[in-house]
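To start, the structure itself, in structure tokens.
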Amino acid sequence: MNLEYGFETRAIHAGAAPDPTTGARATPIYQTTAYVFDDVDHAASLFNLHNFGYIYSRLTNPTVAVLEERIAALEGGRAAVAAASGHAAQFLTFFTLMEPGDEFVASRNLYGGSLTQFGLSFKKLGWTCHFVDPSEPENFRKALTARCKAIFIENLANPGGVVVDIERVAAIAHAAGIPLIVDNTLATPYLCRPIEHGADIVVHSTTKFLSGHGNALGGVVVESGKFDWSQGDRFPSLTAPEPAYHGLKFFENFGDFAFTMKARAVALRDFGPALAPLNAFLTITGVETLHVRMERHVENARKVAEFLSGRDEVAWVSYAGLKQSPYYKLAQKYLPKGAGAVFTFGITGGYEAGIRLVENVRLFSHLANIGDTRSLILHPASTTHRQLTDEQRADAGAGADVIRLSIGLETADDLIRDLDQALGS
Ligand SMILES: *Cc1c(COP(=O)(O)O)cnc(C)c1O
């Protein structure tokens, strides 16, 4: 779809057209595992990647394809591949970049699950992640080694409300000849488009604000199409002959969408975390109202954050949309429409008070998710971040006194009243 269309138009139309057979206007759920070949030559051309088409839904599916094209259009990327979850999307990304023994540098302010995926599970594949404090971009440069194949950040970090200086980190990655990967889950492309600031790959957990209704897991990887994978011989997976496809060289053949092709044709094919067509449909439906929802998410979050800042039971509020935040300036630059709707605050009284609060709210739901129409509350130290050490928890902004909120689309005054009564109880 023409990238000159506005964001809102792309959110509703990109990648989709009326169904050619029935005229169905909404994208149908193509609930099929496989597709009939025209003839043997057609089948051969599909299997050899000489032609694009549908073979089997582990690789491609028409409903999933609409979502892929739509997210690529919203991010200003060249192409995208969807996955069963955000974590699956991250796995596909790293599997496509890394060889055994390779390394990468990541922000230490990440979603708790990403800290364990990178720090523990990836280790078993022979991949080493070096975590650094992202508030000083030079930390990324200092941690780079000759075997580093990428830098990974969350531009708006979960749960700490940390905004990373994407342009400075991108410059450091590019000086080293490696791509910058940005997890844009919390900001969504409505609030920030990392590719415009130098990111090469954007990953999402579409489970959150993109689907937006807390009803469908999913993930997506978007490539900018601008990275030169041939520099420095660092990415044999993209430049060397691929034995599974008769020696095909992905970068030589597919150029600016080689990464997506490789992630799909090898990582998705061989490991299998494909997005279900129903989940793609639910996510497409969510994305169509992304711009309207994010405006209200941000407005409600600002009101709740301001209310909390004035309470005695609250020691601090870490929301980059508040003037007192150390990240306010960066947020003005990278998130001019608002600093998202997920933030943390510190409760005086620590661990016990945190548990009391999550047990006394009535309208907020106590659960481990974000980016729902409903407002959500979590005490990370006793839930999502409980497997981490005290030090890792503190580093990730998830200490004993920390409460995380994901502000939904309810009446802001109702949310404030609920927190008011729970803080006082
Ligand atoms: C939830 C989340 C993930 C993981 O996504 P899943 O869809 O749960 O696998 C990754 N990064 C961020 C920032 C998240 O919020």
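In each ligand, atom 1 is the first atom listed, and ligand 1 is the first ligand listed. Just so it is clear, the model here is predicted, and its values are computed rather than measured.
- Nearest to atom 9 (O) of ligand 1 among the protein's heavy atoms is H87 N, 2.9 Å.
- Annotation for ligand 1: atoms under 4.0 Å from non-hydrogen atoms of Q90 are 10 (C), 11 (N).
- Using a 4.0 Å heavy-atom cutoff, H204 is absent from the residues neighbouring ligand 1.
- Using a 4.0 Å cut-off between a side-chain N of Lys or Arg and a carboxylate O of Asp or Glu, E306 and K303 do not qualify as a salt bridge.
- Close contacts of ligand 1 with G86, meaning ligand atoms under 4.0 Å from a residue heavy atom, involve 5 (O), 6 (P), 7 (O), 9 (O).
- Checking R141, R108, R168, K142 one by one against E136, the salt bridge (Lys or Arg N to Asp or Glu O under 4.0 Å) holds for a single residue, R168.
- Taking the six-membered ring where the residue is Trp, the centroids of F209 and H297 are separated by under 6.0 Å.
- Atoms of ligand 1 found under 4.0 Å from any heavy atom of E154, numbered from 1 in the order shown, are 13 (C).
- Note: R293 CZ to T188 OG1 = 8.5 Å, rounded to the nearest 0.5 Å.
- Annotation for ligand 1: atoms under 4.0 Å from non-hydrogen atoms of S85 are 7 (O), 9 (O).
- Listed by first and then second residue, the salt bridge (charged side-chain N to carboxylate O under 4.0 Å, His left out) pairs that reach into residues 398-415 are D414-R417, sequence neighbours excluded.
- Considering backbone and side-chain N/O atoms, K208 comes within less than 3.5 Å of an N/O atom of ligand 1.
- When T207, V203, N184 are checked for heavy-atom proximity to atom 7 (O) of ligand 1, T207 turns out nearest.
- Taking every non-hydrogen atom of I370 and a distance limit under 4.0 Å, the qualifying atoms of ligand 1 come out as 15 (O).
- A salt bridge (charged side-chain N to carboxylate O under 4.0 Å, His left out) check over residues 325-346, counting only residues at least two apart or in different chains, returns the pairs E167-K333.
- Not a single N or O atom of L217, backbone or side chain, sits closer than 3.5 Å to an N or O atom of ligand 1.
- Among all non-hydrogen protein atoms, the one lying nearest atom 13 (C) of ligand 1 is D183 OD2, 3.3 Å.
- When each atom of ligand 1 is checked for a heavy atom of L186 under 4.0 Å away, the hits are 13 (C).
- Shown here is F271, whose CZ atom has more than 12 heavy atoms of other residues, nucleotides or ligands within 6.0 Å.
- For the 3.5 Å distance criterion, the side chains of Y35 and N61 qualify, holding a donor opposite an acceptor.
- At least one heavy atom of G218 sits closer than 4.0 Å to an atom of ligand 1.
- Taking the centre and axis of the six-membered ring of F235, the NZ or CZ atom of K262 falls outside the cone set by 45° and 6.0 Å.
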